[in-house]
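All values below come from the heavy atoms of this structure, side chains included, with hydrogens, waters and symmetry mates left out. Ligands are counted one by one from 1 in listed order, and the atoms in each one are counted from 1 as well.
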Amino acid sequence: MADIFERLVKHYGPIGEHRDRAHGYFTFPKLEGEIGSRMKFRGKEVIVWSLNNYLGLANHPAIRKVDADATKEFGLALPMGARMMSGNSNYHEQLEKELAEFENKEDAILLNYGYQGIMSAIDTLCGRHDVVVYDAESHACIIDGLRLHPGHRYVYKHNDVEDCEKQLERASLLVEKQGRGGVLVITEGVFGMAGDQGKLKEICDLKKKYQFRLLVDDAHGFGTLGKTGAGAGEEQGCQDEIDLYFSTFAKSMASIGAFIAGPRVIVDYIRYNIRSQIFAKSLPMPIVMGNLKRLEMLRTMPELKEKLWSNALKLQNGLKERGFDIGKTDSVVTPVYMKGGVVEATAMVTDLRENYHIFCSIVVYPVIPKGHIIYRLIPTAAHTDDDIQKTLKAFSETKAKLDKGVYQVEEIPHMAEAR
Ligand SMILES: Cc1ncc(COP(=O)(O)O)c(C=O)c1O
């Protein structure tokens with residue numbers, strides 16, 4: 001018989017295998033100091049483009065005060081237990097009510113984490129006769145939710161509405177043949193890697209031809225898109241046709257937790273049946289109080305979203321003017337596509353961090369195909385013109401070096417921390 005532990009340590013996985021050179025630098029880096037556009041990395045100040053602190057709320061004095069006051073007043077323990085048993089409070093219910101109103105839905109339910117919350121929601125909503133139709137580039141939490149789904153699932157090519165329709169047709173035929181079950185379509189408001197918005201309006205239009213319900217994960221659209229910041233549905237004018245709207249608090253709200261908003265009867269069904277919340281402790285009071293304050297600021301301070309977009313457009317236009325390929329983004333997420341291997345990518349990132357003091361994330365094989373590199377820049381309302389100009393200059397200079405082959409080194413630079 002094989003020993004499970006022995007097998008695991010033979011190969012640590014595609015990223016884990018580089019940990020001896022990467023840990024604490026390319027992987028598990030420690031950004032220190034106050035959250036903002038400039039933070040400390042290994043003792044040096046860097047311009048940070050890796051945090052989803054879209055509206056710059058993380059370190060806003062009013063937010064810090066509410067977080068601190070609520071922690072002082074309630075501590076981290078209250079309320080104890082799961083919502084259904086002993087962990088409910090008026091503040092939890094107030095936050096749900098305000099989120100529902102903001103998203104123009106009847107009701108909303110809080111989730112402790114986005115990832116396990118949406119996974120568990122998919123499990124709650126779909127039985128074995130139901131068919132899920134979903135986008136090929138859906139976030140891991142949706143894919144893992146589908147792993148819990150005992151029924152059929154049909155994937156459509158990323159953001160390809162024609163293929164979505166084809167899969168809807170297959171799904172409808174299957175449901176008809178079975179004589180029971182229904183269809184749930186799942187997509188995202190903004191795809192977090194490439195920054196392209198999900199084609200929500202076109203998918204909603206398919207409701208004229210097919211019977212299905214639509215669940216949208218709008219983690220990156222909430223607070224950044226739409227006139228009021230209500231997200232991609234508002235931006236595309238189809239919020240009312242989104243049956244269930246999901247977002248995490250981990251991005252625009254710079255906090256933790258998540259929610260699903262929709263019709264009262266369905267949200268109530270989820271409330272009484274979602275295993276990840278029924279069998280887990282509810283969100284601590286300071287998190288709920290902090291989220292109430294964040295939501296208030298997100299709603300009443302449009303200047304934060306305006307600043308975010310002004311920064312995002314300066315960065316995106318500056319990159320395009322310098323000949324960079326930023327793909328199809330129509331959100332603030334800014335990917336920069338380049339050609340190169342994993343080793344080159346890490347050498348370039350080291351140069352960016354050590355000599356240009358720019359901290360951004362890279363995406364390489366196996367997340368994307370071999371030979372491609374994506375530098376993923378996340379602008380926020382907290383960035384300054386100086387941050388943007390320095391970054392554009394650094395990208396021009398390092399790209400020229402990449403093209404000249406300067407980063408064609410033998411192996412991943414040895415940057416790990418002593419452990
Ligand atoms: C699209 C999307 N959905 C869900 C999640 C998970 O949310 P959370 O961090 O609250 O678990 C993320 C990442 O944070 C995400 O990018």
Side-chain angles (χ1 to χ4, degrees), residues 35 49-55 57-58 92 95-96 99 103 108-125 132 134-148 155 158-159 184-200 203 214-225 230-233 235 242 244-261 270 274-277 280-284 287-288 290-291 294-295 298 329-335 361 363 367-368 374 376-380:
I35 298 175
W49 294 100
S50 287
L51 307 181
N52 292 306
N53 176 28
Y54 288 125
L55 301 176
L57 287 179
H92 287 67
L95 180 56
E96 289 178 334
L99 285 162
E103 289 304 333
I109 174 179
L110 294 180
L111 306 164
N112 294 355
Y113 288 96
Y115 198 113
Q116 43 103 311
I118 196 167
M119 264 176 77
S120 194
I122 294 169
D123 176 48
T124 310
L125 293 166
V132 180
Y134 66 102
D135 189 285
E137 289 185 14
S138 294
H139 189 270
C141 60
I142 296 170
I143 304 299
D144 285 358
L146 290 169
R147 287 175 168 184
L148 295 173
V155 61
H158 173 57
N159 246 347
L184 178 70
V185 175
I186 310 179
T187 187
E188 296 187 34
V190 173
F191 288 85
M193 284 293 153
D196 51 338
Q197 286 181 42
K199 296 203 171 135
L200 306 182
I203 293 173
L214 176 62
L215 164 63
V216 174
D217 176 343
D218 200 23
H220 297 273
F222 180 79
T224 69
L225 288 176
E235 176 82 21
I242 294 173
L244 289 167
Y245 178 94
F246 162 95
S247 179
T248 170
F249 299 141
K251 304 189 193 283
S252 280
M253 298 267 275
S255 172
I256 200 155
F259 72 98
I260 294 183
I270 297 173
I274 186 164
R275 293 168 66 81
S276 67
Q277 308 306 306
K281 187 179 183 297
S282 70
L283 282 175
I287 303 286
V288 174
N291 283 333
R294 285 160 170 81
L295 183 59
L298 187 152
T329 181
D330 51 2
S331 70
V332 297
V333 174
T334 307
S361 306
V363 190
V367 181
I368 52 171
I374 304 178
R376 189 164 166 271
L377 303 180
I378 303 293
T380 71

- [ ] Starting at OG of Ser255, measure out to CZ of Arg294 and round the result to the nearest 0.5 Å.
- [x] 4.5 Å

Task: Separation of Leu295 CG from Leu95 CG (nearest 0.5 Å) - done: 6.5 Å

For [atom], what's the nearest protein heavy atom and its distance?
atom                    : answer
atom 9 (O) of ligand 1  : Ala250 CB, 3.8 Å
atom 12 (C) of ligand 1 : His139 NE2, 3.4 Å
atom 6 (C) of ligand 1  : Tyr115 N, 3.5 Å

Could you tell me, atom by atom, which parts of ligand 1 come under 4.0 Å of a heavy atom of [X]?
X      : answer
Glu188 : 1 (C)
Ala219 : 1 (C), 2 (C), 3 (N), 15 (C)
His220 : 16 (O)

TODO: Indicate whether any N or O donor in one side chain lies under 3.5 Å from an N or O acceptor in the other, for Ser361 and Ser50.
DONE: yes

Task: Heavy-atom side-chain contact between Ile142 and Glu188 under 4.5 Å - done: yes

Task: Backbone or side-chain N or O of Asp217 under 3.5 Å from ligand 1 N or O - done: yes

Task: Ring centres under 6.0 angstrom apart (Tyr54, Phe222) - done: no

Open item on the list: Could you check, using the six-membered ring where one of them is a Trp, whether His158 and Phe191 have ring centers closer than 6.0 angstrom?
Closed with: yes

TODO: Would you please test Val333 and Ile378 for side chain to side chain contact (heavy atoms under 4.5 Å, CB included) and show each step?
DONE: CA-CA 5 Å; Val333 174; Ile378 303 293; 4.3 Å; yes

Task: Winner among Cys141, Gly114, Ser255, Ala258 once heavy atoms are compared against atom 4 (C) of ligand 1 - done: Cys141

Task: Close approach, Lys251 and ligand 1, non-hydrogen under 4.0 angstrom - done: yes

